[in-house]
Amino acid sequence: ATLYRTRLASPASAVPVLRKAVELAPDDRDMRAMLADGLRIAGELDEAQELLLALVNDYGRRRSPERASAHLQLARVAHAKGQIDEALDQLDTASRMDASNVTILRTLAELANEAGQLPRAEGAYRTLLMAVRRESNPADLEIGPTEVLVELSRIAAARGNDSKANELAESALESIAQNDFEADRVQAKLQEAGDLELLARILDTRLKHVDLAHIRASIYASQAALAQGPEEALTALLEAVKADPGSPAHHATAWQAAKAADKLDGYVSVVEALRFWPESGGPGENMTAMGRSWAVLTALTMAAVPLAT
């Protein structure tokens, strides 16, 4: 059962094994909780709900994290059954029992937002923000402070409070400067939501605070994807090449963009400049001698393709 649930990420496939395990050890609450989760994913919602209600009853009046987890599972079952109010009530109960549980708070905030209950969602997100800020290792969390601030900004905008929305967006920019580990998730969410203006500001902010060459190059590549035209995109892609000259992928992308924009001379100029970095103290100063040689060789090889056409 553990193999299916963890290594294969298939709780539903573990249901037959878990049923047998619960028959053999009916008092094992962890096993019953795993079975309920598998039943929910398998679509056996009524049986999962019945099992979880019995589990909650076993805990009695104890307000423990374990009981909170059972209420979280009940909320997920209710949501799957379309019982949104019931799901929210279960999440409220869970959050009172385990007030700093990031998963519970996030689920409550997202479901309230989905249901259009914006004040409730805002309250949950604010509690979630305090919880993630208290964590000593926020990078290990499923959601970080920047993501929460972005969601709060959206809610403020949806409620017609533009000044508050802008203030929260500024806070999100300050947060990403300190928590770059969130960047991929934040950027993906903004891209999905079509909030390209804030996405562009996130990228600009990261460039001001990130030093690692390969990350800076990836930021420039992301900026190219947001560019208003081929020339603007090419400018960003050439910056990516200059930031991480040893990356064949950035050279290939820049060359293709230069060819499409009929600006191969611009790409070749950047390639030729790579040879002088060791002497001029440019980006190559942080590369090993072997790394510089590889970067120049890669660049010149790429340059030879357009030069020959």
Side-chain angles (χ1 to χ4, degrees), residues 1-2 5-6 9 11-12 14-15 18 22 26-138 140-145 147-152 154-155 185 189:
T2 301
R5 282 182 52 80
T6 57
V15 166
L18 288 168
V22 169
D27 295 329
D28 190 323
R29 292 172 177 168
D30 289 341
M31 199 69 69
R32 289 158 66 191
M34 285 192 289
L35 174 57
D37 193 42
L39 288 168
R40 174 183 63 82
I41 295 171
E44 302 292 339
L45 302 179
D46 289 338
E47 186 178 353
Q49 192 171 48
E50 181 180 349
L51 188 60
L52 289 166
L53 287 171
L55 187 60
V56 167
N57 187 61
D58 282 357
Y59 284 116
R61 294 184 174 275
R62 286 199 305 138
R63 300 165 63 89
S64 64
E66 291 77 18
R67 182 179 168 187
S69 179
H71 283 288
L72 171 62
Q73 286 185 269
L74 275 168
R76 288 172 171 162
V77 171
H79 182 247
K81 296 177 77 171
Q83 301 170 349
I84 304 302
D85 289 340
E86 171 64 17
L88 287 169
D89 288 343
Q90 291 290 347
L91 288 167
D92 278 334
T93 300
S95 66
R96 289 194 295 270
M97 294 180 180
D98 194 358
S100 61
N101 187 299
V102 170
T103 300
I104 292 172
L105 292 170
R106 178 185 187 178
T107 307
L108 174 57
E110 291 179 344
L111 185 54
N113 199 14
E114 176 186 320
Q117 299 185 24
L118 299 186
R120 195 174 191 175
E122 181 180 7
Y125 273 123
R126 289 198 175 279
T127 304
L128 176 59
L129 182 60
M130 290 188 290
V132 297
R133 282 176 167 171
R134 283 196 298 265
E135 288 290 331
S136 57
N137 295 307
D140 295 334
L141 298 176
E142 62 190 64
I143 188 170
E147 295 171 87
V148 178
L149 286 164
V150 168
E151 295 299 335
L152 283 168
R154 288 179 183 170
I155 291 174
R185 295 193 305 242
K189 284 187 175 181

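Since we're looking at a predicted model, the values are computed, not measured.
Residue pairs satisfying the salt bridge (charged side-chain N to carboxylate O under 4.0 Å, His left out) criterion with at least one member in residues 47-57, sequence neighbours excluded, are listed as follows: R19-E47. For residues 94-108, every residue pair satisfying the salt bridge (charged side-chain N to carboxylate O under 4.0 Å, His left out) rule, not counting sequence neighbours, is listed here: R106-E110, R106-E142.
Closest approach of L51 and L39 over heavy atoms only: CD2-CD1, 4.3 Å. The shortest non-hydrogen separation linking T127 to A99 is CG2-O, 4.3 Å. For the pair Y125 and V148, the tightest heavy-atom approach, listed with the atom from each and the gap, is O-CG1, 3.3 Å. Closest approach of N113 to E151, counting heavy atoms only: ND2-OE1, 4.2 Å. Looking at every heavy atom in both residues, G38 comes nearest to V15 through C-CG2, 3.6 Å. Contact detail for A48 and R40: the closest heavy-atom pair is CB-N, 3.9 Å.
Scored by the salt bridge (Lys or Arg N to Asp or Glu O under 4.0 Å) test, D92 finds R120 as partners (sequence neighbours excluded). Checked against side chain to side chain contact (heavy atoms under 4.5 Å, CB included), R185 has the following partners two or more places apart in sequence or in another chain: E147, F181, E182. Qualifying salt bridge (Lys or Arg N to Asp or Glu O under 4.0 Å) partners for R133, counting only residues two or more places apart in sequence or in other chains: none. Annotation: side-chain hydrogen bond (donor to acceptor under 3.5 Å, both in side chains) contacts of D89 (sequence neighbours excluded): none. Residues forming a side chain to side chain contact (heavy atoms under 4.5 Å, CB included) with R62 (at least two apart in sequence, or on another chain): R29, Y59, S64. E135 is linked by a side chain to side chain contact (heavy atoms under 4.5 Å, CB included) to L141, counting only residues two or more places apart in sequence or in another chain. Under the side-chain hydrogen bond (donor to acceptor under 3.5 Å, both in side chains) criterion, Q90 pairs with H71, E86, not counting sequence neighbours.
In this structure a side-chain-to-backbone donor-acceptor pair under 3.5 Å is present from N101 to I104. Of the possible polar contacts, none joining the S69 side chain to the P65 backbone as a donor-acceptor pair under 3.5 Å is found.
In this structure, V22 and D28 have side chains that are not in contact, with every pair of non-hydrogen atoms separated by 4.5 Å or more. You'll find the side chain of V132 stays beyond 4.5 Å of the side chain of P138, heavy atoms only.
Between the CG atom of L128 and the CG atom of L108 there is a distance of 9.5 Å, given to the nearest 0.5 Å. To the nearest 0.5 angstrom, Q117 atom CD is 6.5 Å from D85 atom CG. Atom CG of D30 sits about 12.5 Å away from atom CG of L35, to the nearest 0.5 Å.
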For residues 73-83, run the donor-acceptor check on the side chains, cut-off 3.5 Å, and write out each pair with its distance to 0.1 Å, sequence neighbours left out.
from, atom 1, to, atom 2, distance (Å)
Q73, NE2, A33, O, 3.0
H79, NE2, E114, OE2, 3.1
K81, NZ, D46, OD1, 2.8
K81, NZ, Q49, OE1, 2.9

